[in-house]
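Input: a single structure, listed below in structure tokens.
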Amino acid sequence: MAESASYFDRLKRAGLNTIGTDREQLFGISLVSPPILIFFLITVIPLCIGIALSFYGGLGVLTYNFVGLENYQALIADAKFWQSLITGIIFAFYSVAIQMVVGVGIALVINEKFKFANIVRTIVLVPYLIPTVAVAIIWEWLLNNNYGVVNYVLQETIGTTVNFFNVGTAIHSVSWVASWKFSIFVVLLVLARLQSIDSSLYEMAEVNGANFYQRFIDVTLPNLRTTLAIVLLLRSIWMFNKFDIIYLMTQGGPFDATLTQTVLAYNRAFTALQFGSGAAITAVMFVGILCTSIVYFRVFRPEEEVATHD
């Protein structure tokens, strides 16, 4: 061991180990370069193009002209823009609240040891594996007012039906369907954290006479706090940006009842061919989400909580 160490010391003094170091650096750069390049190609460059496009006006791609801040000034006076912002926030908070409650509840249940636990855990993952397009089509059919299975069951049991896609109920239907699919993301992260909690903590709580509720409050919840905070931030951002499931189910209707900013931006850019206006909407969304994330990490400081728990 001493001979080996002295050999490398002699190499270091002679300056002969720089070749290996340079090769290691080149090897490391070669490993990280492809994902960095892909990140720039699919994220940074489109983002820069979108922000630049927000300063141009005209219809379609052949009539671009630089208009400066006119698109942003138009958004300030656009009632539909502000209404879509409110709808997007309602959809995000409503669906995330459902996902957090349902996801944590399912994770607590399947974390317990019982017969066929692995089978149950596999079944729980099924909604997350189904493509969003299929989820939207299936649930739109199930909730259909005329031939949907849900309304058929309601008619046979309580003698009435419900229009799940009218002005007052569409936002609820879309939020619940989105939660049905995306609650599993919460389940996965919470379950992973639950399985890493030291079992001796629960044993000590039981010895001291703590019931299930007390164990959850005193042991489980403090250990889940950081995970729940991260999940809450991620789910809020993703649901605020959610486009596919809303557009597939309602196209933002009826009468703009489910018109979020993502759907509005799509309609402005690809239906009305106002690409500058659509880009301005997405640029405002990006800045808003960025500022929210910065404030969140400044206030809650999850990295400090992780270090404390470790």
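One is the number of the first residue; the rest follow in order along the sequence. Atom set for the values below is all heavy atoms of this structure, side chains included, hydrogens, waters and symmetry mates excluded.
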### Message
For the CG atom of Asp78 and the CG atom of Asn71, what is their distance to the nearest 0.5 Å?
### Response
11.0 Å
### Query
Does any N or O in the side chain of Asn144 come within less than 3.5 Å of the main-chain N or O of Tyr147, such that one atom is a donor and the other an acceptor?
yes
### Task
Over all heavy atoms of both residues, which pair between Val219 and Asn223 is shortest? Give the atoms and the distance, please.
O-ND2, 2.7 Å
Got a list of side-chain donor-acceptor pairs under 3.5 Å for residues 254-266, not counting sequence neighbours?
unit_1: Thr258; atom_1: OG1; unit_2: Thr250; atom_2: OG1; d: 2.6
unit_1: Thr258; atom_1: OG1; unit_2: Gly252; atom_2: O; d: 3.3
unit_1: Thr258; atom_1: OG1; unit_2: Gly253; atom_2: N; d: 3.4
unit_1: Thr258; atom_1: OG1; unit_2: Gly253; atom_2: O; d: 2.7
unit_1: Thr260; atom_1: OG1; unit_2: Thr262; atom_2: OG1; d: 3.0
unit_1: Thr262; atom_1: OG1; unit_2: Lys242; atom_2: O; d: 3.0

### Task
Just do the side chain to side chain contact (heavy atoms under 4.5 Å, CB included) check on Thr43 and Leu47 with the steps written out, would you?
CA-CA 6 Å; Thr43 302; Leu47 175 63; 5.5 Å; no
## Note on the structure
The side chain to side chain donor-acceptor pair (under 3.5 Å) partners of Ser54 (sequence neighbours excluded) come to Tyr72
#### Entry: Ser277 side chain to Gln274 backbone, donor-acceptor under 3.5 Å
no
### Task
Identify, with sequence neighbours excluded, every residue that meets side chain to side chain contact (heavy atoms under 4.5 Å, CB included) alongside Ile76.
none
### Message
What's the separation between atom CG in Asn267 and atom OH in Tyr247, rounded to the nearest 0.5 Å?
### Response
6.0 Å
### Message
Does Tyr56 have more than 12 heavy atoms from other residues, nucleotides or ligands lying within 6.0 Å of its OH?
### Response
no
### Query
Atom CG of Asn145 and atom OG1 of Thr161: how far apart are they, to the nearest 0.5 Å?
5.0 Å
### Query
Could you go step by step and tell me if Glu156 and Val153 meet the side chain to side chain contact (heavy atoms under 4.5 Å, CB included) rule?
CA-CA 5 Å; Glu156 293 295 320; Val153 173; 5.9 Å; no
### Task
Measure the CG-CG distance between Asn163 and Asn151 for me, rounded to the nearest 0.5 Å.
8.0 Å
### Task
Check the pair Val284, Phe286 against side chain to side chain contact (heavy atoms under 4.5 Å, CB included), reporting the backbone distance first and the verdict last.
CA-CA 5 Å; Val284 171; Phe286 170 74; over 6 Å; no
#### Entry: Test of ring centre spacing under 6.0 Å for Trp238 and Phe185
yes
### Task
Quick one: closest heavy-atom pair of Ala279 and Gly50, and the distance?
CB-O, 3.3 Å
### Task
For the pair Ser196 (side chain) and Arg193 (backbone), establish whether a donor and an acceptor sit closer than 3.5 Å, ignoring hydrogens and angles.
yes
### Query
Do any N or O atoms from the side chain of Arg268 and from the backbone of Leu273 form a donor-acceptor pair under 3.5 angstrom?
no
Run the side-chain donor-acceptor check on residues 121-140: report pairs under 3.5 Å with partners two or more places apart or on a different chain.
unit_1: Arg121; atom_1: NE; unit_2: Ile110; atom_2: O; d: 2.8
unit_1: Arg121; atom_1: NH2; unit_2: Ile110; atom_2: O; d: 2.7
unit_1: Thr122; atom_1: OG1; unit_2: Asn118; atom_2: O; d: 2.9

### Test side chain to side chain contact (heavy atoms under 4.5 Å, CB included) applied to Phe275 and Phe270, step by step
CA-CA 7 Å; Phe275 292 103; Phe270 299 104; 3.9 Å; yes
### Task
Give, for atom CD of Gln99 and atom OG of Ser175, the distance between the pair rounded to the nearest 0.5 Å.
9.5 Å
### Message
So, taking the atom named OG1 in Thr227 and the one named CG in Leu232, what distance separates them when rounded to the nearest 0.5 Å?
### Response
12.0 Å
Pair up each side-chain donor or acceptor in residues 85-94 with any protein partner under 3.5 Å, not counting sequence neighbours, and list the distances.
unit_1: Thr87; atom_1: OG1; unit_2: Gln83; atom_2: O; d: 2.9
unit_1: Tyr94; atom_1: OH; unit_2: His172; atom_2: ND1; d: 3.1
unit_1: Tyr94; atom_1: OH; unit_2: Trp176; atom_2: NE1; d: 3.0

### Message
Holding to side chain to side chain contact (heavy atoms under 4.5 Å, CB included), I want the full list of residues that pass it with Leu194, two or more places apart in sequence or in another chain.
### Response
Ala107, Leu108, Asn111, Val190, Ile197, Thr220, Leu224
